[in-house]
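Each remark here refers to the structure printed beneath this line.
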Amino acid sequence: MSDQDQFDDIPGTYLFDRHRSRQGYHLNMFFFSLMKPENREAFLADEEGYLDGFPMTPEQRKGVLERDWLGMIKLGGNVYYMSKFGATLGRSFQYMAGAMSGVTQEEYADMMKAGGRSIDGNRSKSEEN
Amino acid sequence: MSDQDQFDDIPGTYLFDRHRSRQGYHLNMFFFSLMKPENREAFLADEEGYLDGFPMTPEQRKGVLERDWLGMIKLGGNVYYMSKFGATLGRSFQYMAGAMSGVTQEEYADMMKAGGRSIDGNRSKSEEN
Amino acid sequence: MARIVGGLATSHVPAVGAAIDLGKTQTDHWKPLFDGYVPAQEWLARVDPDVIVLVYNDHATAFSLEIIPTFGIGVAENFPPADEGWGPRPVPTVDGHAELAWHLSESLILDEFDITMINEMPVDHGLTVPLSLTCGKDSRCEAPEQWPHRVVPISVNVVQYPPPTGKRCYDLGRAIRKAVEAYHEDLDIVVYGTGGMSHQLHGERAGLINSKWDTAFLDDLTRDPERLKSIPFLEYVRETGAEGIELVMWLIMRGALGDDVSEIYRHYHIPASNTASGLIVLEPAA
Amino acid sequence: MARIVGGLATSHVPAVGAAIDLGKTQTDHWKPLFDGYVPAQEWLARVDPDVIVLVYNDHATAFSLEIIPTFGIGVAENFPPADEGWGPRPVPTVDGHAELAWHLSESLILDEFDITMINEMPVDHGLTVPLSLTCGKDSRCEAPEQWPHRVVPISVNVVQYPPPTGKRCYDLGRAIRKAVEAYHEDLDIVVYGTGGMSHQLHGERAGLINSKWDTAFLDDLTRDPERLKSIPFLEYVRETGAEGIELVMWLIMRGALGDDVSEIYRHYHIPASNTASGLIVLEPAA
Ligand SMILES: [Fe+3]
Ligand SMILES: [Fe+3]
């Protein structure tokens, strides 16, 4: 397998490589803008208007408006950028992680307290190990 | 001689090293700000007021107000930053070079047309070669 | 002449910073993690370095996609805590050591490390959480008005693929050691490597923990750094989670300590929010 | 597979850009300089590369003391001409080649070059003047609406001491060659090195010219690059003027061409404003 194929073979993982970086540029720069309190306020006061300042795709915009955390990652978002959006909404990394893995924050927290998601079965799609 | 001593032994030359970079930080950031047309306008409209935004030393401020090109270099200015100040005043690199070497722009241009300043005698203060 | 007197590596989990800032370190949930840091705090207080060279990664805070330095060094007088979306952490501004940082820059660039010199660098949880965790319980730290140690921050890109290789990181550590030993002033220096251990923060695989892999990494930091140097990017991502790649920063610390080291202390705790939290203290062999 | 088909090095004097923009290239003063570029323009038109990898330095324009990358690479789709205090030059936006630039980034970082990846980079005279000078006289260039070639910009810090060494620059060139040769697409690439030759823009020694030293540098670019690799910073500054250190960027171009090269053309003219203006065209040996 090529390097790219090996990366793609890891389940549930979206490498922030050149493809996603280019695809997600404006989405991530929107997230990044939320490090300023005045921008957080402006976004919360008028989401649509604020988003007009960032030439993202309609799908990315929809992901933002719908809080589709996994969808935003698949469209080129990077979790460290996205965490600024999370913070704007009062959502932690753990909340976002729960949402992306399809469980509630409480279920996710319980999984972590029990030792986290097991590596076994999570290494490779093709080898199912 | 140490490296530093060897640099200091070159006549009429001010290496933009860590000492000058730290010394000239706010002076150079003032120069840098003049890359925006609105900042050039603001400076030209109210030099003293504009300079209040940059915590430079009184000597550096005096150098700016008096267009003391060599003085600004000696106080930590770097010529590439300073060129933005030159441009704001309609002054070229060649004008500044003439001013720093103590001649008119015309005399300086004539020297350049005649082949430039000779390297002979300009290598070393101590060895006078 | 300056010298490296010790090394410390620790996870730098943002939720751990929040637990400190919100006064939750003694709750049932958090106490076991924080208790594990006490011996490292005592060690740091005993060693009491003049400067911490703190290797960390910026998490899309000081740097965005606009500019992504592979290695950066903070040469400024100080570094303010960053606003990561929640407002800045209520901790002091970090005092740098500009003279040492510039010396390191000069030495590293002459030594063929293409480091980026940085004066404006708000520092995020990657840098401030390790300071909080190791600052200890003395009066300077309960509600510190000032951090007890000066810091030279060294940033490493691990957010945008490609990050530097483990070997390159280790070699950077060696070059830092060489540069420190050539510094004119008599300074005791501790090097921090931060980030890791296993964690994945994104995607359906979020929450991945591989404690067996982490434990082997901790073991071999002392015993077999040659193995760690050759771990490829793919293995970090597959075995420790996408964000586990931060562990390459521990190799910079390890490289800075010289060939032989002794392990002074370690602590490993699951979970810290999404993460396996690791801590290790090393000293150069006498 | 991509290949490097030629190399070109040229001074990048801002006053030369101004002479072009103001329509003064045929005045008595400027004509001899511009006439000297015609054969290089013809060579470039004949070679007609798909991409120019253009090595230059930013002159406190895109980067300030806030952040100083030792080596940077522009990975964006395009790069606007910068306002250096006179308003931007009236020239087109520079189209990048993001896919190639990202490939180079990945290859170089894996090869232990700690390059900074950059998306937002207004480009100053250091990049646009070489493009204007070599663009030639065809209809695309008299009042170009678009530059004839795509450009991957590579920036080198030569403003803040310490710049990278000549050897490191040469080795970066070699690594660029290796990366180009591993690129999947069939592209012809020309590498530019820019800046120099002897000039000093500041201080009482401003206007320094050392044509004997410059000529030896031009000679040895073909004949003895090993000598050039070992020239120390101090010699550049003392012998060619403080700003003559820009010549290290020519060594990146030279390193990218492989061991053996043929000189196709050269031109040397004094003065271009404060500077000795040099130009050389090289091709890899067949
Ligand atoms: Fe981290
Ligand atoms: Fe230049």
Side-chain angles (χ1 to χ4, degrees), chain A residues 3 6-7 9-18 20-21 24-25 28-29 31-37 40 69-70 73-74 77-90 92-94 96-102 108-109 111-120 122-124, chain C residues 13-15 18 29 57-66 68 82-88 122 124-126 158-163 198-214 232-235 237-245 270-276:
Chain A
D3 276 6
Q6 292 193 65
F7 292 134
D9 184 51
I10 302 173
T13 301
Y14 304 86
L15 180 63
F16 195 61
D17 61 5
R18 66 183 188 279
R20 290 210 171 78
S21 187
Y25 191 82
N28 287 313
M29 292 309 283
F31 295 147
F32 189 76
S33 76
L34 299 174
M35 290 186 34
K36 295 198 170 129
R40 296 195 287 272
W69 304 99
L70 184 60
I73 293 288
K74 288 181 176 175
N78 171 278
V79 70
Y80 293 121
Y81 289 85
M82 196 166 74
S83 72
K84 279 70 177 175
F85 182 36
T88 300
L89 304 173
S92 67
F93 274 105
Q94 205 178 51
M96 295 191 298
M100 284 184 273
S101 54
Y108 181 87
M111 174 186 81
M112 294 313 299
K113 282 178 206 157
R117 186 181 308 280
S118 171
I119 181 68
D120 295 321
N122 277 309
R123 288 185 175 87
S124 161
Chain C
V13 181
H29 177 69
N57 68 291
D58 180 79
H59 300 79
T61 302
F63 313 127
S64 72
L65 293 171
E66 290 184 4
I68 307 162
D83 180 347
E84 299 178 63
W86 304 92
D124 72 14
H125 68 271
V158 291
V159 172
Q160 172 69 59
Y161 181 86
S198 51
H199 64 308
Q200 176 153 335
L201 301 178
H202 80 268
E204 297 93 332
R205 205 173 70 137
L208 187 92
I209 300 287
N210 188 343
S211 58
K212 196 170 151 200
W213 198 100
D214 285 346
F233 177 80
L234 180 71
E235 178 175 335
V237 173
R238 191 183 55 218
E239 298 294 328
T240 77
E243 281 68 61
I245 184 62
I270 298 168
S273 186
N274 302 285
T275 305

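This one's a predicted model, so the numbers in the text were calculated from it and none came from an experiment.
Heavy-atom distances place the side chain of A/Met29, and not its backbone, under 4.5 Å from chain C. Looking at A/Tyr108, the atoms closer than 4.5 Å to chain C (heavy atoms on both sides) all sit in the side chain, from C-beta outward. With a threshold of 4.5 angstrom between heavy atoms, A/Leu34 approaches chain C through N, CA, C or O but not through any side-chain atom. For C/Pro14, the part lying under 4.5 angstrom from a heavy atom of chain A is the side chain only. Heavy atoms of A/Phe7 lying under 4.5 Å from chain C belong to its backbone as well as its side chain. Both the backbone and the side chain of A/Asp17 come within less than 4.5 Å of a heavy atom in chain C. Both the backbone and the side chain of A/Asn122 come within contact range of chain C, each with at least one heavy atom under 4.5 Å from a heavy atom of that chain. Looking at A/Arg18, only its backbone comes within 4.5 Å of chain C, counting heavy atoms on both sides. Heavy atoms of A/Thr13 lying under 4.5 Å from chain C belong to its backbone as well as its side chain. A/Met35 touches chain C through backbone and side chain together, each having a heavy atom under 4.5 Å away.
Residues C/Tyr161 and A/Ser21 are not in side-chain contact: their nearest non-hydrogen atoms beyond the backbone lie 4.5 Å or more apart. When side chains are defined from C-beta on, C/Ile209 counts as touching A/Met112, because their heavy atoms get closer than 4.5 Å.
Distance check, rounded to the nearest 0.5 Å: CD of C/Glu235 to CZ of A/Arg123 gives 9.5 Å. With rounding to the nearest 0.5 Å, the separation of OG in A/Ser92 from CG in C/Asn274 is 7.5 Å. The line from CZ of A/Phe93 to NE2 of C/His199 is 8.5 Å long, rounded to the nearest 0.5 Å. Atoms CZ and CG, from C/Phe233 and A/Leu15 in turn, are 4.5 Å apart once rounded to the nearest 0.5 Å. Atom CG of residue C/Leu201 and atom CE of residue A/Met100 lie 7.5 Å apart, to the nearest 0.5 angstrom. A/Lys74 NZ to C/Glu204 CD: the interatomic distance, rounded to the nearest 0.5 Å, is 5.0 Å.
With hydrogens and angles ignored, the 3.5 Å screen pairs no side-chain donor or acceptor of A/Lys113 with any backbone N or O of C/His29. A/Gln94 contributes no side-chain N or O that, together with a main-chain N or O of C/Ala15, makes up a donor-acceptor pair within less than 3.5 Å. Side chain of C/Arg238 to backbone of A/Ile10: no donor-acceptor contact under 3.5 angstrom is found.
Of the listed residues (C/Glu84, C/Glu66, C/Gln160), the one with the most heavy-atom contacts under 4.5 Å to chain A is C/Gln160. Most heavy-atom pairs under 4.5 Å with chain C, from the set A/Asp120, A/Asn78, A/Leu70: that is A/Leu70. For the options C/Ile270, C/Thr275, C/Leu65, heavy-atom pairs under 4.5 Å to chain A are most numerous at C/Leu65. Considering only heavy-atom pairs separated by less than 4.5 Å from chain A, the leading option among C/Ser198, C/Ser64, C/Ala242, C/Ser273 is C/Ser64. Interface remark: of the candidates C/Gly207, C/Ala18, C/Ala82, C/Gly207 forms the most heavy-atom pairs closer than 4.5 Å to chain A. For the set A/Phe85, A/Tyr14, A/Trp69, the entry with the most heavy-atom pairs within less than 4.5 Å of chain C is A/Tyr14.
Looking at residues two or more places apart in sequence or on another chain, you find a side chain to side chain contact (heavy atoms under 4.5 Å, CB included) between A/Lys36 and A/Glu38, A/Asn39. Among residues two or more places apart in sequence or in another chain, the salt bridge (charged side-chain N to carboxylate O under 4.0 Å, His left out) test is passed with A/Arg40 by C/Asp83.
Side chains of A/Tyr80 and C/Asp58: a donor-acceptor N/O pair is absent below 3.5 angstrom, by distance only.
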